[in-house]
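Down below is the structure, laid out as structure tokens.
Being a predicted model, the structure only gives us computed values, none of them experimental.
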Amino acid sequence: PASSPASRSLAAVGSSPTARSGASPLLRNSPIGSSPGARGGSIGSPTNGGGTTNGGGDSGFIVEYQAESGCAAETEVVSLRARFGAGAPPYLRRSLELLEERGAVAAQDLGTLTELHEPEVLHALQVRMRHGVVYTFTGPMLLAVNPFRSLPSLYSYEQLRRFLDLPAGDEVPEPHVYGTARDAYQGVWHDGRSQTVLVSGESGAGKTETTKFVMQFL
């Protein structure tokens with residue numbers, strides 16, 4: 001199950017390396033056991049984070065002490081243990097539709113998933129972007145990922161005509177900024193109601209370019 005990275009922190013367990021007199025600690029991000037001379041030897045196997053984990057769920061790093069004049073350098077194992085907040089750690093259910101990459105690519109509207117939370121949204125967007133899919137629906141909202149490269153076919157005249165020539169009332173064939181602009185146009189033309197297209201995002205997310213495509217369609 002997926003867990004929220006922000007819900008846990010790392011706390012040092014055991015003696016403090018700085019408590020030793022006459023030596024300055026240099027924390028090296030190396031797995032326990034990678035250095036044959038490390039005191040205490042290996043207590044686990046390397047993890048993706050650069051440390052190691054043992055059966056109790058602790059992660060370890062090697063601390064090397066800088067030698068003073070005439071003194072040999074020493075190493076010491078410092079154990080790091082995940083510390084959770086009050087209560088049980090938050091485990092989030094996975095959506096069955098996203099267990100395979102083809103499911104994420106086929107998920108045009110994340111609002112239809114059986115489970116929807118931030119990790120699943122980010123996972124789906126990442127997989128879809130890896131397959132060249134820029135736009136994704138989540139209910140009435142259109143999510144766009146800046147590809148940071150030119151995609152001429154995505155905004156070509158042929159693509160524009162696909163959305164322009166759709167009969168009134170038909171669903172858009174896929175998530176696209178042209179589809180959002182079309183919905184706004186249909187609201188003014190057929191429903192006679194004022195429309196607002198809200199484009200939001202962080203700096204560099206592509207808000208200006210997205211607004212240009214909306215205006216191009218209108």
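The shortest side-chain heavy-atom distance between L116 and S95 does not fall under the 4.5 Å cut-off. Within the 4.5 Å cutoff, the side chain of E118 has no heavy atoms near those of the H123 side chain. Between V145 and Q126 there is no side-chain heavy-atom pair separated by less than 4.5 Å. Under the 4.5 Å side-chain criterion, counting only non-hydrogen atoms from C-beta, Q159 is not in contact with S153. Contact of the T180 side chain with the P175 side chain is not registered, since no non-hydrogen atoms from C-beta on lie closer than 4.5 Å. For the pair F137/V172, a side-chain contact is recorded, criterion being any heavy-atom separation below 4.5 Å from C-beta on.
The shortest heavy-atom contact between L98 and A124 is CD1-CB, 4.1 Å. Minimum interatomic distance between A168 and R182 (heavy atoms only, all atoms of both residues): CA-NH2, 4.1 Å. Contact detail for R149 and G132: the closest heavy-atom pair is NH2-CA, 4.3 Å. In plain terms, the two heavy atoms of A104 and V127 that are nearest each other are CB-CG1, 3.7 Å. Across all non-hydrogen atoms, the minimal contact from L151 to P147 is CD1-CG, 3.7 Å.
Side chain of H131 to backbone of V133: no donor-acceptor contact under 3.5 angstrom is found. A donor-acceptor contact shorter than 3.5 Å links the side chain of R128 to the backbone of A107.
Hydrophobic clustering of Ile, Leu, Val, Met, Phe, Trp and Tyr side chains at less than 4.5 Å, counting indirect connections, unites V214 with W189. M129 and V105 fall into different hydrophobic clusters, where Ile, Leu, Val, Met, Phe, Trp and Tyr side chains are chained together by heavy-atom contacts under 4.5 Å. Residues L166 and V188 are members of separate hydrophobic clusters, defined by side-chain heavy-atom contacts under 4.5 angstrom among Ile, Leu, Val, Met, Phe, Trp and Tyr.
F213 pairs by the ring-ring contact (aromatic ring centres under 6.0 Å, His included) definition with Y155, not counting sequence neighbours.
Surrounding CE of M141 are at most 12 heavy atoms belonging to other residues, nucleotides or ligands under 6.0 Å away. Heavy atoms of other residues, nucleotides or ligands lying less than 6.0 angstrom from CD of Q216 number more than 12.
Checked options L110, V121, L142; the residue passing with T136 is L110 (criterion: side chain to side chain contact (heavy atoms under 4.5 Å, CB included)).
Salt bridge annotation for R93-E120: absent, with no cationic side-chain nitrogen under 4.0 angstrom from a carboxylate oxygen. A salt bridge between E209 and K212 is present, with a side-chain N of the basic residue lying under 4.0 Å from a carboxylate O of the acidic one. E97 and R102 are not joined by a salt bridge, as no carboxylate oxygen comes within less than 4.0 angstrom of a charged side-chain nitrogen.
Here L99 sits in one hydrophobic cluster together with L96; the rule is ILVMFWY side chains under 4.5 Å apart, joined directly or through other members.
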What's the verdict on side chain to side chain contact (heavy atoms under 4.5 Å, CB included) for V134 and H176, showing C-alpha distance, side-chain angles and the deciding distance? CA-CA 8 Å; V134 173; H176 199 287; over 6 Å; no
I would like to know whether Q108 and Y135 meet side-chain hydrogen bond (donor to acceptor under 3.5 Å, both in side chains); could you show each step before the answer? CA-CA 8 Å; Q108 304 278 31; Y135 294 108; over 6 Å; no
Quiz: residues 191-206 side-chain donor-acceptor pairs under 3.5 angstrom, not counting sequence neighbours:
unit_1	atom_1	unit_2	atom_2	d
Q195	NE2	R193	O	3.2

